[in-house]
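All values derive from a computational prediction rather than experimental measurement. Throughout, protein chains are lettered first and strands after them, A, B, ... in sequence-line order, and every chain is numbered starting at 1.
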2 protein chains.
Amino acid sequence: MDIAEVAKASGLPASTLRFYEEKGLIQSIGRNGLRRLFNANVIERLALISLGRNAGFSLDEIGDMFRSEGLDINRTLLLAKANELDSKIKELTAMRDGLRHAAACNAPNHFECPKFLRLLRVAGKNRVRLVNKLKENKVKHT
Amino acid sequence: MDIAEVAKASGLPASTLRFYEEKGLIQSIGRNGLRRLFNANVIERLALISLGRNAGFSLDEIGDMFRSEGLDINRTLLLAKANELDSKIKELTAMRDGLRHAAACNAPNHFECPKFLRLLRVAGKNRVRLVNKLKENKVKHT
DNA sequence: GCTTGACTTCAAGTTGGCTTGAGCTTGTAT
DNA sequence: ATACAAGCTCAAGCCAACTTGAAGTCAAGC
């Protein structure tokens, strides 16, 4: 496939595809003159990248996951990411409940509604744990 | 409180507090000479901002929520945000399950594991809906 | 065999959310 | 009265993830 076909099939602009290739997230299988040629399986990979981005992973993190496929480090990395997502899910759930309550509540302002504050405090607790984890990871990696 | 106290209590650097003030997310209650003075309730507000940021809201979105407090538009806005979070939660849950399965799975590569692909496809479907929503919102607002 | 339009590279620009630096002001302690 | 740590402003810088623009290349159709 040439870049235009991949762009159409994936919904991503050609510029993004070149950028991802440069970053090592996808590979072209060769060239026709100057023009890149891609294998059809790049579409699936791009879908995975979009999914990962949407779940809040950086391009570098996604690259790490791909690069360590099949390795043992991969399992560890994947589980760590899954746990991170668990914290995030709890936090978003508390936030969602907080917003729904705030919309329904008739306290004059949300800061004065104990239920709202309690819901958000739950989110806050998870947040702190998550932040600490991230910091630990940063320290480990540097 | 002066800015250093707020910084310490909130965990945010003074530069961020000035930046938030400039953006209208917080207000100082006056000055002592050049120095900003804050009301203690700014701490709660900053916690709310951090929470919102962590839940994926932009500073502008958070500002909108504050600015429309008590108004009817606020209820609508809050519920819309809560619904957005619902989509995001579903997506993250599918992603988490996908990652956990991938870590446990012994298919030679994840693209060949039907369970993994099915899990991610669920995430993908939610994503599409979310993206469309966001696009709609953008069109509406401009 | 020539045009043309889709591709190429490389550098620079964009956005959001801050941070940093230089140079100036001032409340507080000595 | 003076020193100075802590504030202040304003402009510029930084990072991620792209996008845009200019200028060049070339495969394919006529």
Check your understanding: How far does the helix from C:dG1-D:dC30 to C:dT30-D:dA1 bend, going by the axes of its first and last five pairs, to the nearest 10°?
Key ->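 Comparing the first five pairs with the last five, the axes sit 10° apart.
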**Message:** Please evaluate residues B:D97 and B:R100 with respect to the criterion salt bridge (charged side-chain N to carboxylate O under 4.0 Å, His left out), reporting the C-alpha separation (whole Å), side-chain torsions for both, the decisive distance (0.1 Å), and the verdict.
**Reply:** CA-CA 5 Å; B:D97 293 346; B:R100 290 223 164 104; 5.2 Å; no
For [X] and [N], give me the distance from atom [atom1] to atom [atom2], rounded to whole Å.
X     : N      : atom1 : atom2 : result
A:L17 : C:dC7  : CG    : P     : 11 Å
A:R18 : C:dT8  : CZ    : C1'   : 7 Å
A:E22 : C:dA12 : CD    : P     : 15 Å
A:I3  : D:dC26 : CD1   : P     : 17 Å

Could you tell me if the side chain of [Y] sits less than 4.5 Å from the side chain of [X], heavy atoms only?
X      : Y     : result
A:E61  : A:L77 : no
A:V6   : A:I26 : no
A:L117 : B:E44 : yes

Any salt bridge between B:E5 and B:K8, counting N to O under 4.0 Å?
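Looking at B:E5 and B:K8, the cut-off is not met.
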Is the closest basic N to carboxylate O distance between A:E21 and A:R18 below 4.0 Å?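 Looking at A:R18 together with A:E21, the answer is no, because their closest N to O distance does not fall below 4.0 Å.
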Self-check item: Flag, side chain of B:K88 to backbone of A:I89, donor-acceptor distance under 3.5 Å
Solution: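 Absent.
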request  = Answer yes or no: is there a donor N or O on one side and an acceptor on the other, between the side chain of B:K115 and the main chain of B:A102, under 3.5 Å?
outcome  =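 No, the answer is negative, given that no donor and acceptor are paired below the 3.5 Å cut-off.
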Checklist entry - For atom CG of A:L37, is the number of surrounding heavy atoms from other residues, nucleotides or ligands below 6.0 Å larger than 12? => result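 More than 12 within 6.0 Å, yes.
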request  = Rounded to the nearest 0.5 Å, what's the gap from SG on B:C105 to CZ on A:R75? Could you check?
outcome  =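 Between B:C105 SG and A:R75 CZ, I get 8.5 Å after rounding to 0.5 Å.
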task = Look at all strands and tell whether A:A14 reaches a base, only sugar-phosphate, or nothing, counting heavy atoms closer than 4.0 Å.
result =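 Result for A:A14 = nothing.
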Under a 4.0 Å heavy-atom criterion, the protein footprint on nucleotides 15-20 of chain D, written with B, S and -, is --SBSB
**Q.** Cluster link B:L79 to B:M65, ILVMFWY, side chain under 4.5 Å
**A.**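 B:L79 does not cluster with B:M65.
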inquiry  = If you take any heavy atom closer than 4.0 Å to DNA chain C, which residues from residues 31-42 of chain B end up in contact?
reply    =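 Contacts with DNA chain C under 4.0 Å: B:N32, B:G33, B:L34, B:R35.
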